[in-house]
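Structure, as structure tokens:
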Amino acid sequence: MNIAMKLVLVVNSGSSSLKYQLLNMEDESCLAKGNCDRIGIGGHVKHQVPSTGYEYSEDCVFPTHTEAFEKLVEVLTTGENRVIDSMAEISAVGHRIVQGAEIFNKACLVTEEVIEKIDGLSELAPVHNHPHVLALRACSKVLPKSIPQVVVFDTAFHQTMPPKAYLFGLPYEDYEKYAVRKYGFHGTSHRFVSARLAKAMERDISELKIVSCHLGNGSSITAVDGGKSVDTSMGFTPLDGIIMGTRCGAVDPSAVTYVMDKHGFNAHEMSEYMNKKSGFLGLSGVSSDNRDVCKAAAEGDKRAALTTEILKYQIKKYIGAFSAAMNGLDAVLFTGGIGENSWEVREGVCENMEFLGIRLDREANRQAKGELVKISAPDSRAEVWVVPTNEELLIARDTISLISESCQ
Ligand code: ADP
């Protein structure tokens with residue numbers, strides 16, 4: 001195995017897509033990235049080489065993840081815009097896996113047993129885990145056996161939550177029998193940004209109480225106490241917590257059975273309604289995209305304005321709740337597409353939070369866009385920061401450190 005080169009391929013697979021990034025871990029730069037999507041329903045590849053600005057896209061035929069993986073190999077290794085000559089130059093592949101449940105509390109090397117365990121968790125994450133397994137198998141089929149594969153779990157960071165945070169008020173037997181509990185998601189992102197924030201604050205993370213707000217199409221908020229997740233807003237699935245692009249977030253469970261009854265929905269239809277038709281889209285009637293909703297609100301659309309109000313209010317409540325859970329607050333961080341870019345959302349969330357020691361520097365907040373920057377006033381007791389996330393980079397770091405360990 002060639003670990004001197006330190007090239008890591010990071011794969012993020014869905015049921016019909018295979019997103020990838022090839023990272024050079026010498027300087028943590030991205031050599032190429034792209035997406036093979038429409039797997040099973042056609043096929044399309046979009047490929048970019050950031051250093052040269054080269055972009056390529058093509059309709060393809062991807063009956064399964066294997067053909068998509070073969071295309072990924074082709075675009076990386078052939079033609080005048082290739083970034084490597086052969087996949088043998090790659091040190092390892094790191095896969096993002098959504099659900100690791102209580103089985104996986106950290107990244108691990110892929111073996112047949114690991115693949116089977118991930119597949120065994122498919123019932124807990126039907127949309128994600130089985131497609132991950134298809135990508136893992138496709139990768140094993142297409143790449144040389146000598147290239148190690150590593151799996152990094154979205155849920156792993158949250159395995160430090162205590163039972164009082166992760167148990168629901170349902171009969172305990174169903175936790176034991178069916179593993180019904182809060183797992184939390186976006187763990188890789190929360191771990192990455194909270195560590196990055198501690199470094200920026202020049203503090204040891206073990207001393208910090210941080211509320212990490214990852215706000216994107218999917219959003220979650222995590223209480224990070226001493227570098228460990230102690231509570232988080234997403235739950236058994238990534239549907240819980242605050243309103244998102246098309247997801248409803250937390251609702252009274254009785255409202256779910258009532259709506260099912262009124263619409264005559266079965267369980268699958270109700271799940272589609274809550275996952276795909278709710279959130280910003282369902283509330284505003286405008287769009288699932290925060291930019292469209294904010295624009296409509298600025299133009300006077302009342303439902304759009306209400307949607308942004310609800311979003312800000314719900315985030316605010318989590319900051320309060322998690323500060324109470326941690327008995328203190330040293331910093332709030334914003335990340336994800338909305339967290340990094342929307343000054344309006346950050347301003348609305350941080351308004352009237354002086355009681356918690358939060359005072360925003362309004363000008364710094366308005367200027368901040370996509371870079372690591374402090375946006376609280378100098379006299380703010382709790383600091384507020386924008387911290388860009390990079391889940392692929394953390395997956396690649398975990399992958400390199402795991403294969404280096406296993407080589408020793
Ligand atoms: P995902 O969760 O799919 O990774 P992102 O983290 O990319 O999504 O976040 C997408 C969200 O970020 C969308 O709602 C989008 O409107 C919002 N967003 C992206 N750029 C901006 C911006 N400049 N201003 C406000 N919102 C933005």
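When reading the values below, keep in mind they use all heavy atoms of this one structure, side chains included, and skip hydrogens, waters and symmetry mates.
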Which atom pairs, one a donor and one an acceptor, fall under 3.5 Å between side chains of residues 165-179 and the rest of the protein, sequence neighbours left out?
{"from": "Tyr166", "atom 1": "OH", "to": "Tyr175", "atom 2": "OH", "distance (Å)": "3.4"}
{"from": "Tyr175", "atom 1": "OH", "to": "Glu102", "atom 2": "OE2", "distance (Å)": "2.8"}

Could you please spell out the steps behind the side chain to side chain donor-acceptor pair (under 3.5 Å) verdict for His186 and Asp154?
-> CA-CA 5 Å; His186 287 143; Asp154 267 16; over 6 Å; no
Side chain to side chain donor-acceptor pair (under 3.5 Å) between Ser212 and His190: does it pass, once the steps are laid out?
-> CA-CA 6 Å; Ser212 171; His190 290 297; 2.8 Å; yes
Go through the steps to decide whether Asp289 and Ser287 satisfy the test side chain to side chain donor-acceptor pair (under 3.5 Å), and finish with yes or no.
-> CA-CA 5 Å; Asp289 191 291; Ser287 167; 5.4 Å; no
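The environment of Glu113 atom CD is sparse: at most 12 non-hydrogen atoms of other residues, nucleotides or ligands sit within 6.0 angstrom. Counting non-hydrogen atoms of other residues, nucleotides and ligands closer than 6.0 Å to NZ of Lys316 gives a total above 12. Within 6.0 Å of atom CD in Glu207, more than 12 heavy atoms from other residues, nucleotides or ligands are found, so the atom counts as buried in its surroundings.
Of the possible polar contacts, one joining the Gln159 side chain to the Ala101 backbone as a donor-acceptor pair under 3.5 Å is found. At distances below 3.5 Å, not a single donor-acceptor pair connects side-chain atoms of Thr222 with backbone N or O atoms of Val224. For the pair Arg96 (side chain) and Ile395 (backbone), a donor-acceptor distance under 3.5 Å is absent. Using a distance-only test at 3.5 Å, with no hydrogens or angles considered, a donor-acceptor pair links the side chain of Arg346 to the main chain of Gly339. Counting only distance, with no hydrogens or angles, the side chain of Thr232 and the backbone of Ile221 share a donor-acceptor pair below 3.5 Å. No donor-acceptor pair under 3.5 Å is formed between the side chain of Ser271 and the backbone N or O of Ala267. Side-chain N or O atoms of His95 include none that pairs as donor or acceptor with a backbone N or O of His132 at under 3.5 Å.
In plain terms, the two heavy atoms of Ser233 and Ser219 that are nearest each other are OG-O, 4.4 Å. The two residues Leu23 and Ala396 make their nearest non-hydrogen contact at CD1-CB, 3.5 Å. Closest approach of Asn217 and Ser288 over heavy atoms only: OD1-O, 4.4 Å. The heavy-atom pair separating Pro238 from Met244 by the smallest distance is O-CE, 3.5 Å.
With respect to the salt-bridge test (charged N to carboxylate O, under 4.0 angstrom), the residues Arg397 and Glu28 qualify. A salt bridge does not link Glu202 to Lys199: none of the charged nitrogens lies less than 4.0 Å from a carboxylate oxygen. Between Lys209 and Asp225 a salt bridge is recorded (basic side-chain N to carboxylate O distance below 4.0 Å). A salt bridge links Glu58 with Lys71; the closest basic N to acidic carboxylate O contact falls under 4.0 Å. The residues Lys46 and Asp37 are annotated as not salt-bridged, no charged nitrogen and carboxylate oxygen being separated by less than 4.0 angstrom. For Asp398 and Arg191, the salt-bridge test passes: some basic side-chain N is under 4.0 Å from an acidic carboxylate O. By the 4.0 Å N-to-carboxylate-O rule, Arg362 lies close enough to Glu347 to be salt-bridged with it.
To the nearest 0.5 Å, atom CD1 of residue Ile243 and atom CG of residue Leu281 are 11.5 Å apart.
Annotation: side chain to side chain donor-acceptor pair (under 3.5 Å) contacts of His263 (sequence neighbours excluded): none. Residues forming a side chain to side chain donor-acceptor pair (under 3.5 Å) with Ser189 (at least two apart in sequence, or on another chain): His214, Thr389.
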